[in-house]
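Single-structure report; data block below.
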Amino acid sequence: MNKRERIENFLASKEVDRVPVAFYHHFLDSRMLFNMNLGLTKSKLFERNIESHRKALANFHPDLLKIMNDSLMIMPLKMAKVKHASDLKTVLPQGINSRWQKKSIELAMRVKEIYANSEAPILFTSFGPAYILRSNFARIGNLMMGNSFMESKIKRLIAEDEAEFKACVDRISEEVANFNDRLFKEVGIDGIYFSVNNQNDFFPPAQYQRIISPADKYILERANKNSSMNVLHICGYMGKPNHLDTFSDYEAAAYNWAVHAEGVSLTEGKKIFNGKPVFGGFEQNGVIAKGTREEVEAEVFRILDEAGQVGTMLGADCTVPTNIDDARLSWVQDAAAAYAKTH
């Protein structure tokens with residue numbers, strides 16, 4: 001069974017020769033990463049991001065590949081002049097001719113060339129509109145008073161005019177969906193790795209469902225017209241939990257969440273997501289990054305004893321450490337194959 005066949009069976013909740021395995025990590029350090037779009041101005045970082053895929057692939061070949069767009073991570077928005085909710089009307093899509101879209105398409109095409117000899121499907125990370133808005137406000141706020149500026153400003157804008165804020169979110173979702181269409185049609189990706197979150201109830205859950213969820217679902221709906229391989233990543237980065245029930249009616253091919261932050265196992269998650277395929281199981285900076293080979297294998301056996309081998313893919317709560325030895329990730333594939341032989 002090749003990697004594509006294994007993923008197709010996983011997504012169809014059919015038997016596999018071994019459970020698929022997919023781990024991802026960023027290629028730029030956190031300071032560069034959360035400065036978001038340095039690839040627009042620093043060509044060396046842009047090139048480093050692309051070539052790092054080749055180096056990582058030499059040591060670990062996941063069953064489901066992903067294009068890591070670290071140097072162009074978040075769609076930029078012009079937010080500096082937004083003082084009041086009425087100013088959100090000025091936050092407009094930049095369109096296909098924006099430099100960010102052009103460079104992002106270039107990055108995706110060039111990484112896809114690196115993956116050309118692989119039969120594994122290829123995903124591209126797509127962020128939900130709430131995270132895009134928060135990241136752009138945080139970028140402005142970091143120059144002033146940090147993330148507290150971003151949080152207080154967003155909450156004030158919603159209090160001023162929730163309808164205007166929602167309209168802004170909807171415009172961003174349209175731009176994201178249009179860009180994803182380009183990735184499917186021009187680059188030929190197999191699906192999106194759709195990253196959403198409401199960590200630590202940044203938005204009160206009912207408010208998130210009113211304002212943000214319809215936009216998230218719209219992006220997924222558009223992506224699902226292009227592919228049946230779109231997966232949902234409910235980001236619990238570094239232990240920040242979400243309410244999984246918020247996302248239980250999102251239509252995706254498979255679901256990933258921070259098992260350890262949420263305290264929700266893969267088996268429990270299958271119930272929340274209506275029996276659909278799930279993936280993850282490893283804490284991102286736990287045994288996968290620090291354990292011995294024997295400890296990693298023991299964790300694989302523990303997870304599969306609990307979750308089974310049908311409709312399960314092994315991975316992490318979120319991205320594993322940037323400086324991880326990629327060869328360690330192959331241990332999980334070896335352990336999954338060993339498990340399959342005896343179960």
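Each residue takes its place number in the sequence, starting with 1.
Without hydrogens or angle criteria, Asn200 side chain to Lys240 main chain gives no donor-acceptor distance under 3.5 Å. A donor-acceptor pair is defined here as one N or O able to donate and one able to accept, closer than 3.5 Å; no such pair exists between the side chain of Gln309 and the backbone of Glu15. With hydrogens and angles ignored, the 3.5 Å screen pairs no side-chain donor or acceptor of Gln94 with any backbone N or O of Glu175. Remark: side-chain polar atoms of Asp161 are not paired, donor with acceptor, to backbone N or O of Ile158 under 3.5 angstrom. In this structure, Lys270 contributes its side chain and Ser265 its backbone to no donor-acceptor pair below 3.5 Å. Asn49 places a side-chain N or O within donor-acceptor distance of the main-chain N or O of Asp70, the cut-off being under 3.5 Å. In this structure a side-chain-to-backbone donor-acceptor pair under 3.5 Å is missing from Asp317 to Gly281. Without hydrogens or angle criteria, Lys112 side chain to Ile189 main chain gives no donor-acceptor distance under 3.5 Å. Checking side-chain atoms of Glu295 against main-chain N and O of Thr292 turns up a donor-acceptor pair under 3.5 Å. The backbone N or O of Val264 sits less than 3.5 Å from a side-chain atom of Trp257, completing a donor-acceptor pair.
For the residue pair Asn224 / Glu251, no side-chain donor-acceptor distance below 3.5 Å is found, with atom types taken as modelled. Using modelled atom types, one finds a donor on one side chain and an acceptor on the other under 3.5 Å when comparing Asn226 with Asp181. Between the side chains of Arg222 and Asn178, a donor-acceptor pair is found at a separation under 3.5 Å. Using modelled atom types, one finds a donor on one side chain and an acceptor on the other under 3.5 Å when comparing Asp305 with Tyr339. For the residue pair Tyr250 / Ser213, a side-chain donor-acceptor distance below 3.5 Å is found, with atom types taken as modelled.
A cation-pi arrangement is found for Lys66 relative to Tyr193, the charged atom lying closer than 6.0 Å to the ring centre and inside a 45° cone about the ring normal. Judged by the 6.0 Å distance and 45° axis criteria, Lys103 is positioned over the aromatic ring of Phe46.
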Q: Could you go through the side chain to side chain contact (heavy atoms under 4.5 Å, CB included) check for His260 and Gln284 one step at a time?
A: CA-CA 9 Å; His260 295 80; Gln284 66 187 108; over 6 Å; no
**Q.** Stepwise side-chain hydrogen bond (donor to acceptor under 3.5 Å, both in side chains) check, His243 with Asn198
**A.** CA-CA 8 Å; His243 283 115; Asn198 189 29; over 6 Å; no
Q: Please step through side-chain hydrogen bond (donor to acceptor under 3.5 Å, both in side chains) for the pair Asp326 and His25, ending with a clear verdict.
A: CA-CA 9 Å; Asp326 289 287; His25 62 76; 2.7 Å; yes
Q: May I have the step-by-step check of side chain to side chain contact (heavy atoms under 4.5 Å, CB included) for Phe301 and His343, ending in yes or no?
A: CA-CA 10 Å; Phe301 275 54; His343 292 77; 4.1 Å; yes
Q: Dump the intermediate steps for side chain to side chain contact (heavy atoms under 4.5 Å, CB included) on Gln199 and Cys235, then the final yes or no.
A: CA-CA 8 Å; Gln199 295 165 343; Cys235 185; 3.8 Å; yes
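For CD of Glu186, the number of neighbouring non-hydrogen atoms (other residues, nucleotides, ligands) closer than 6.0 Å is greater than 12. Around the NZ atom of Lys155, the shell of radius 6.0 Å holds more than 12 heavy atoms that belong to other residues, nucleotides or ligands.
To the nearest 0.5 Å, atoms CG (Asn59) and CG (Asp325) are separated by 6.5 Å. In this structure, the separation between CG on Leu28 and CG on Asn69 is 10.5 Å, given to the nearest 0.5 Å. How far OG of Ser227 is from CG of Asp190: 6.5 Å, rounded to the nearest 0.5 Å. A distance of 11.0 Å separates CG in Leu133 from CD1 in Ile74, rounded to the nearest 0.5 Å. Annotation: the span from Leu220 atom CG to Lys225 atom NZ amounts to 12.5 Å, rounded to 0.5 Å. One distance of note links CD1 of Ile114 with OG of Ser118; it measures 12.5 Å at 0.5 Å rounding.
Between Met150 and Phe202 there is a side-chain heavy-atom pair separated by less than 4.5 Å. Annotation: side chain of Val187 is not in contact with side chain of Phe124 (no heavy-atom distance under 4.5 Å). Proximity of Val82 to Thr90: side-chain heavy atoms (C-beta onward) are separated by under 4.5 Å at one or more points. The shortest distance between side-chain heavy atoms of Glu8 and Arg4 falls below 4.5 Å. A heavy-atom distance below 4.5 Å is found between the side chains of Phe203 and Ile154. Counting only heavy atoms from C-beta outward, the side chains of Leu107 and Ser104 never approach each other to under 4.5 Å. A heavy-atom distance below 4.5 Å is found between the side chains of Val332 and Phe282. You'll find the side chain of Asp87 stays beyond 4.5 Å of the side chain of Lys81, heavy atoms only.
Between Arg110 and Glu47 there is a salt bridge, with a side-chain nitrogen of the basic residue lying less than 4.0 Å from a carboxylate oxygen of the acidic one. Comment: Asp249 engages Lys217 in a salt bridge, judged by a side-chain N to carboxylate O separation of less than 4.0 angstrom. The existence of a salt bridge linking Glu51 and Arg54 is confirmed by a sub-4.0 Å separation between a basic side-chain nitrogen and an acidic carboxylate oxygen. Salt bridge status for Glu162 with Lys166: absent, with no side-chain N to carboxylate O gap under 4.0 Å.
Side-chain rings of Phe27 and His53 approach one another, their centers coming within less than 6.0 Å. Taking the six-membered ring for Trp and the full ring otherwise, Trp100 and Phe179 have centroids separated by under 6.0 Å. Centroid-to-centroid, the aromatic rings of Phe247 and Tyr208 come within less than 6.0 Å.
When the side chain to side chain donor-acceptor pair (under 3.5 Å) test is applied to Arg134, the partners found at least two apart in sequence or on another chain are Asn197.
Grouping the Ile, Leu, Val, Met, Phe, Trp and Tyr side chains by contacts below 4.5 angstrom, directly or via other members, places Ile122 with Val111. There is a path of hydrophobic side-chain contacts, each under 4.5 Å, that joins Met73 to Ile50. A continuous path of ILVMFWY side-chain contacts below 4.5 Å connects Val300 to Leu329, so both sit in one hydrophobic cluster. In the hydrophobic cluster analysis, where Ile, Leu, Val, Met, Phe, Trp and Tyr join through side-chain heavy atoms closer than 4.5 angstrom, Ile192 is grouped together with Ile172. The cluster map of Ile, Leu, Val, Met, Phe, Trp and Tyr, joined by side-chain heavy atoms under 4.5 Å apart, puts Ile7 and Phe194 in different clusters.
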